[in-house]
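What you see is a predicted model; the values in this text were computed from it and never measured. Naming: A, B, ... by sequence-line order, numbering from 1 per chain.
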There are 2 protein chains.
Amino acid sequence: MKIATWNVNSIRTRLEHVLNWLQANPVDVLCVQETKVIDADFPRSPFTDLGYHLYISGQKSYNGVALISRTPLEDITAGFTPILGESLVGELDAQKRVITGVLDGIRIVNLYVPNGSEVGSEKYVYKLRWLQVLREYLAALCLKDSSQPKILVCGDFNIALEDRDIHNPKGREKHIMASDHERAALQTVLELGFADVFRKFTEDGGHFSWWDYRSGSFQRNSGWRIDHHYLTPALYERAIACTIDVAPRQLEKPSDHAPVTVELEVAL
Amino acid sequence: MKIATWNVNSIRTRLEHVLNWLQANPVDVLCVQETKVIDADFPRSPFTDLGYHLYISGQKSYNGVALISRTPLEDITAGFTPILGESLVGELDAQKRVITGVLDGIRIVNLYVPNGSEVGSEKYVYKLRWLQVLREYLAALCLKDSSQPKILVCGDFNIALEDRDIHNPKGREKHIMASDHERAALQTVLELGFADVFRKFTEDGGHFSWWDYRSGSFQRNSGWRIDHHYLTPALYERAIACTIDVAPRQLEKPSDHAPVTVELEVAL
DNA sequence: GTAGATCTAG
DNA sequence: CTAGATCTAC
């Protein structure tokens with residue numbers, strides 16, 4: 001089974017890129033973020049015409065996530081609320097950042113973690129609070145899914161967990177996506193029993209999934225590895241590959257993110 | 001000698017279309033309108049690298065005209081003022097709508113006539129006033145250029161002179177580009193001794209140079225012939241062809257106008 | 001640097 | 001419907 005995550009930075013603008021990539025990379029599920037479109041305007045037929053099943057949760061202009069699946073998914077939920085209830089989640093689900101579905105007993109959680117703007121800002125505080133609620137959310141899912149849950153949590157985390165995930169970690173403490181508070185907040189989530197599957201196969205740095213559009217970052221490989229797949233042990237041990245596909249980032253009018261694919265040794 | 005006129009609706013957005021068209025259609029001079037760019041930002045090198053000479057008069061966002069010539073042009077002037085003086089022209093030259101140059105003794109006047117917005121509007125009044133000053137301008141050029149002037153006046157006139165120049169002339173009196181006042185104002189200009197060279201070769205209707213972007217006008221050929229070449233008798237008798245090239249209007253992200261080319265039987 | 005929203009212009 | 005300007009967000 002192959003599952004990919006890709007922040008497409010507007011599904012409408014990136015439609016051809018995404019369709020072409022899916023044809024060349026026949027993953028079972030593609031998790032996309034930053035669709036930037038309300039559900040009514042999501043370009044459904046280009047995907048359904050190719051036989052894909054779509055599960056979307058979008059809003060106007062910002063955020064928005066979707067699951068694009070070769071076969072139907074089960075138990076679809078959008079946002080934290082269906083699992084945690086309104087009182088715990090509050091206003092966090094106003095921004096469409098979470099969609100979840102189950103394929104062959106494997107729960108796929110597709111996230112678009114808040115960017116946070118600047119360290120210390122209001123949006124930064126929101127990001128940290130969102131990660132706290134994410135922990136509650138994943139804890140609830142783990143409980144729900146048996147003693148050995150098979151959960152894959154992927155998406156754009158807007159956090160580089162380690163210095164080797166940044167082209168230049170100098171001054172990273174003051175930089176959004178690399179501050180101590182963000183890293184700690186994500187670590188607290190992962191303590192539930194999730195491991196970064198990319199690091200099962202690749203030890204060295206210099207591997208990134210996002211490059212700022214500005215100042216030729218991609219050409220200089222001034223990137224960040226902020227798009228991740230985190231797996232529970234039952235899945236982690238079955239992972240046989242995790243790769244970042246840089247090719248789409250080289251096309252005309254690319255997303256600023258590259259897709260990241262994980263392959264699991266499970267019969268489908 | 002071949003001379004073409006083309007409202008490109010942004011030279012920056014249409015750059016590839018224009019370059020490709022010039023390669024496939026080696027005219028001597030291409031007169032473009034609605035460049036929509038200040039002179040400092042005009043994409044010069046794509047043209048000069050191919051050996052073209054550029055003469056431009058642009059402004060921010062709106063209007064803007066340019067002459068793109070295979071060989072150098074002489075006696076370049078932009079606006080009405082260099083010929084008529086400031087007192088007669090007033091504020092009309094604030095909008096960059098006129099550029100003129102001479103090739104092999106033939107004066108080429110490239111115009112972007114005001115659109116006029118709606119019949120009776122302030123912009124409509126401006127359009128009519130502009131056409132009055134255009135008459136003075138061309139009259140002055142005719143006097144300047146000898147008793148048998150060789151003048152070609154081309155561009156986007158935003159006027160369909162006859163009903164056969166409109167896909168549906170019904171109610172045209174109330175429509176901008178076809179009202180009686182506009183037609184009369186242009187006729188008054190042409191009385192100086194200019195003739196529409198397209199009609200030397202083509203009698204029938206159904207030939208258009210502009211199709212609204214909206215409501216699939218091009219697919220339904222709901223067009224208007226508003227891009228013209230007007231010639232003094234000395235040139236008119238030497239004209240051997242005048243054609244509208246619909247091909248660029250069929251491309252992706254086209255201009256709403258098609259180029260119109262006139263061929264003159266003159267040695268170069 | 002890129003994308004969307006909103007505005008103006010055509 | 002398309003393009004540019006200005007704004008916000010990333």
Side-chain angles (χ1 to χ4, degrees), chain A residues 7-15 17 33-38 41 58-64 95 97 112-119 121-124 126-127 156-159 175-177 210-220 222 224 226-227 249 251-257, chain B residues 7-15 17 33-38 41 58-64 95 97 112-118 121-124 126-127 156-159 175-177 210-220 222-224 226-227 249 251-257:
Chain A
N7 179 321
V8 295
N9 190 10
S10 171
I11 190 65
R12 287 179 291 187
T13 299
R14 224 65 62 204
L15 184 57
H17 284 18
Q33 303 91 36
E34 282 210 87
T35 54
K36 292 187 173 177
V37 65
I38 58 173
D41 293 343
Q59 67 180 88
K60 188 169 155 185
S61 304
Y62 308 116
N63 313 312
Q95 299 183 14
R97 298 178 174 278
Y112 176 49
V113 177
N115 170 281
S117 189
E118 280 180 55
V119 173
S121 69
E122 210 168 83
K123 287 175 180 171
Y124 181 79
Y126 180 92
K127 181 179 193 172
D156 175 3
F157 285 77
N158 272 315
I159 296 173
H175 200 295
I176 198 69
M177 302 192 291
W210 175 79
W211 302 259
D212 198 308
Y213 282 124
R214 286 161 282 192
S215 55
S217 301
F218 182 68
Q219 280 65 30
R220 300 175 4 244
S222 296
W224 298 63
I226 58 176
D227 300 271
R249 181 64 240 239
L251 301 173
E252 290 270 287
K253 285 205 156 252
S255 166
D256 41 355
H257 295 254
Chain B
N7 179 321
V8 295
N9 190 11
S10 171
I11 189 65
R12 287 179 292 187
T13 299
R14 224 66 62 202
L15 183 58
H17 284 19
Q33 304 90 35
E34 281 210 89
T35 54
K36 291 187 172 179
V37 66
I38 58 171
D41 292 344
Q59 66 180 89
K60 189 169 157 186
S61 305
Y62 308 116
N63 313 311
Q95 299 183 13
R97 299 179 173 278
Y112 176 47
V113 177
N115 170 282
S117 190
E118 280 179 57
S121 69
E122 210 169 82
K123 287 175 180 170
Y124 181 79
Y126 181 92
K127 181 179 191 170
D156 175 2
F157 285 77
N158 272 315
I159 296 173
H175 199 296
I176 197 71
M177 302 192 291
W210 175 80
W211 300 260
D212 199 309
Y213 282 125
R214 285 163 284 194
S215 56
S217 301
F218 182 68
Q219 280 66 30
R220 301 176 1 245
S222 295
W224 298 63
I226 58 176
D227 299 272
R249 179 65 238 238
L251 300 174
E252 290 270 287
K253 285 204 156 255
S255 166
D256 43 353
H257 294 253

**Q** Apply salt bridge (Lys or Arg N to Asp or Glu O under 4.0 Å) to B:Asp212 and list each qualifying residue two or more places apart in sequence or on a separate chain.
**A**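 Checked B:Asp212 against salt bridge (Lys or Arg N to Asp or Glu O under 4.0 Å); matches are B:Arg214.
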**Q** Listed by chain and number, what are the side-chain contact (heavy atoms from CB on, under 4.5 Å) partners of B:Pro254, not counting sequence neighbours?
**A** B:Arg249
**Q** Consider only side-chain N and O atoms of A:Gln33 and A:Asp156, and report whether a donor and an acceptor are under 3.5 Å apart.
**A**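 No, no side-chain donor-acceptor pair sits under 3.5 Å.
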**Q** Please enumerate all residues that pass ring-ring contact (aromatic ring centres under 6.0 Å, His included) together with B:Tyr112, with sequence neighbours excluded.
**A**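 Residues passing ring-ring contact (aromatic ring centres under 6.0 Å, His included) with B:Tyr112: none at all.
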**Q** For the pair made of NZ in A:Lys60 and C1' in C:dG4, what is the distance, rounded to whole Å?
**A** 10 Å
**Q** Sequence neighbours excluded, which residues qualify as ring-ring contact (aromatic ring centres under 6.0 Å, His included) partners of B:Phe218?
**A** B:Trp211
**Q** Is the phosphate of C:dG1 approached by A:Lys253 (side-chain N or O, under 4.0 Å from OP1 or OP2)?
**A**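 Checking C:dG1 against A:Lys253, no side-chain N or O comes under 4.0 Å of OP1 or OP2.
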**Q** Can you name the ring-ring contact (aromatic ring centres under 6.0 Å, His included) partners of A:His17, sequence neighbours left out?
**A** none
**Q** Assign B:Phe218 to base, sugar-phosphate, or nothing according to its heavy-atom contacts below 4.0 angstrom with the strands shown.
**A**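 Result for B:Phe218 = nothing.
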**Q** Separation of A:Asp156 atom CG from C:dA3 atom C1', in whole Å?
**A**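 Distance, rounded to whole Å: 15 Å.
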**Q** More 5' along DNA chain C: A:Arg214 or A:Ser61, using each one's nearest nucleotide?
**A** A:Arg214
**Q** Earliest and latest nucleotide of DNA chain D, 5' to 3', sitting under 4.0 Å from a non-hydrogen atom of chain B?
**A** D:dC1 to D:dT6
**Q** Below the 4.0 Å mark, does C:dG4 have OP1 or OP2 next to a side-chain nitrogen or oxygen of A:Thr13?
**A**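 The answer is yes; a side-chain N or O of A:Thr13 sits under 4.0 Å from OP1 or OP2.
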**Q** Between A:Tyr62 and A:Gly216, which residue's closest nucleotide on DNA chain C lies nearer the 5′ terminus?
**A**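 On the 5' side of the pair lies A:Gly216.
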